[in-house]
Amino acid sequence: MTMSWRSAWLLAAHLFWLAPACAATSLAAWRDDAARVRITAENDAPLAYNEAQRLQATLPTDATAADRVRVLNLLSRIETYMALTKAAAAHSKEAYDLAEQNGDRIGQAESDLNVTLNAINQGKLDELVRATQHSLVMLEGVARPDLLGEAMLRTTIMYRRFEQFNESAETAVRAMEIARRSNDPLAMTYAHQGMAIAFFQGQHREQTKQHYERMRAYAQAARSKLLEAFAIGGLSAIALQVGDPVLAEQLGREAVTKYREVGAPFAIGFGLYAVADTLRLQKRHVEAIAALDEAIEVYRQYPNPIGLWFALNGRSADLEALGDLAR
């Protein structure tokens, strides 16, 4: 059956007017997918990496510069989690440059936050300070409590790293006030982590424990296995401080299990170092060395000077305790 010229014209006209709507739907679906992959990154980084690469390859033709920045930052964040530091640095720089060209403050802030995480892994503290401070400037007046919460947490940690303890505590308190007003679960997760850090440095163990417990609950609400594991690791540190190395070991191993599930090598190495501490206090030095050997292997495969330094020193202490002074 042949189509009349009138029917063909009507069909063509219908498709012409439908095309923009289809394109918009396609872009909206892509953005929804990008949001989903960002959550996946917190729970299964290798899977998220494959999906982020697919998102980059299938970027809709009507995507904006902000969309291109978004996928570059997504790749950088996942690469940071997966200890792919060079790729993470390259993607975050590409994202930042494009965001700066287009006046995209959110894109610049997201890039800055990726840099803060990656700079620690690379031992580049100057970059850490610059990116942390700049992220707060970019987020002034921007309605993104999740990003602001993370930026303030990074500021809290930065001050603590440079032993500016009063500034660290003040930032943590201010972050909590802002997070409570937003009631965003991710912002609340970061805020409780910041408060836990502030109380920990002041030796207020019960308050530290409470904030890590709340951090864990909010991390579950935010659907971040990685942040939940960090909270469990914090609870392990508190158990160790109060003289319960058995509970500390149990919690530490639980955190490491979750780090493995996420696929985050540096977090695994950090978690194994913490587990070795609990074993050392139980005088189980051979097991502690085994945990540290695994951590050191992680850092040999994925270079991290600071992590490797701590692991080597920890192993040396256990060898000394065993009387193996030559090693």
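These numbers come from the heavy atoms of this one structure, side chains and all, not from hydrogens, waters or symmetry mates.
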Modelled atom types, side-chain donor and acceptor of Gln220 and Glu228, under 3.5 Å: yes
Within 6.0 Å of CD in Glu320, more than 12 heavy atoms from elsewhere: no
Short side-chain donor-acceptor distance under 3.5 Å, Thr278 and Glu249: no
With Lys225, the salt bridge (Lys or Arg N to Asp or Glu O under 4.0 Å) member among Glu42, Glu254, Glu261: Glu261
Side chain to side chain contact (heavy atoms under 4.5 Å, CB included) between Phe200 and His211, worked out: CA-CA 10 Å; Phe200 187 85; His211 280 292; over 6 Å; no
Connected hydrophobic set around Leu281, excluding itself, where side chains approach under 4.5 Å: Leu240
Atom CZ of Arg223 with >12 non-hydrogen neighbours under 6.0 angstrom: no
Modelled atom types, side-chain donor and acceptor of Asn313 and Ser316, under 3.5 Å: no
4.5 Å side-chain heavy-atom contact, Leu74 and Val37: yes
Pair Arg70 + Asp67, salt bridge at N-O below 4.0 Å: no
Enclosure of Asp32 CG (heavy-atom neighbours >12, cutoff 6.0 Å): yes
Leu55 vs Glu51, side chain to side chain contact (heavy atoms under 4.5 Å, CB included): CA-CA, chis, key distance, verdict: CA-CA 6 Å; Leu55 283 169; Glu51 296 191 350; 5.6 Å; no
Polar side-chain atom of Ser111 near backbone of Ser92 as donor-acceptor pair, under 3.5 Å: yes
Any donor-acceptor pair under 3.5 Å from Asn114 side chain to Asn73 backbone: yes
pair Leu117-Arg77: side-chain heavy atoms closer than 4.5 Å: yes
Residue pair Pro46 / Asp44, side-chain heavy-atom distance below 4.5 Å: yes
Arg144 and Glu110: CA distance, side-chain angles, deciding distance, side chain to side chain contact (heavy atoms under 4.5 Å, CB included) verdict: CA-CA 11 Å; Arg144 283 294 302 270; Glu110 286 188 307; 4.1 Å; yes
Identified side chain to side chain contact (heavy atoms under 4.5 Å, CB included) counterpart of Tyr190 within the set Leu148, Asp184, Leu153: Leu153
Nonpolar side-chain network containing Met195, other nodes, edges under 4.5 Å: Val173, Met176, Met188, Phe199, Tyr218
Carboxylate-amine/guanidinium proximity below 4.0 Å for Arg315 and Asp318: no
CA sep, side-chain torsions, deciding dist, call: Thr171, Met158, side chain to side chain contact (heavy atoms under 4.5 Å, CB included): CA-CA 10 Å; Thr171 303; Met158 178 192 71; over 6 Å; no
Steps toward ring-ring contact (aromatic ring centres under 6.0 Å, His included) verdict (His134, Tyr96): CA-CA 12 Å; His134 189 260; Tyr96 184 90; 5.7 Å; yes
Any donor-acceptor N/O pair, Arg38 side chain to Ala48 backbone, under 3.5 Å: no
Side chain proximity check, Asp293 to Ile289, heavy atoms < 4.5 angstrom: yes
Atom of Ala63, atom of Arg68 and distance for their closest heavy-atom approach: O-NH1, 3.8 Å
Minimum-distance pair of heavy atoms, taken over all atoms of Ala45 and Tyr81: CB-CB, 4.3 Å
Test item: side-chain donor near acceptor, Gln193 and Tyr212, under 3.5 Å: no
Under 3.5 Å: donor-acceptor pair, side chain of Asn102, backbone of Leu98: yes
Tyr259 and Phe230 aromatic centres sub-6.0 Å: yes
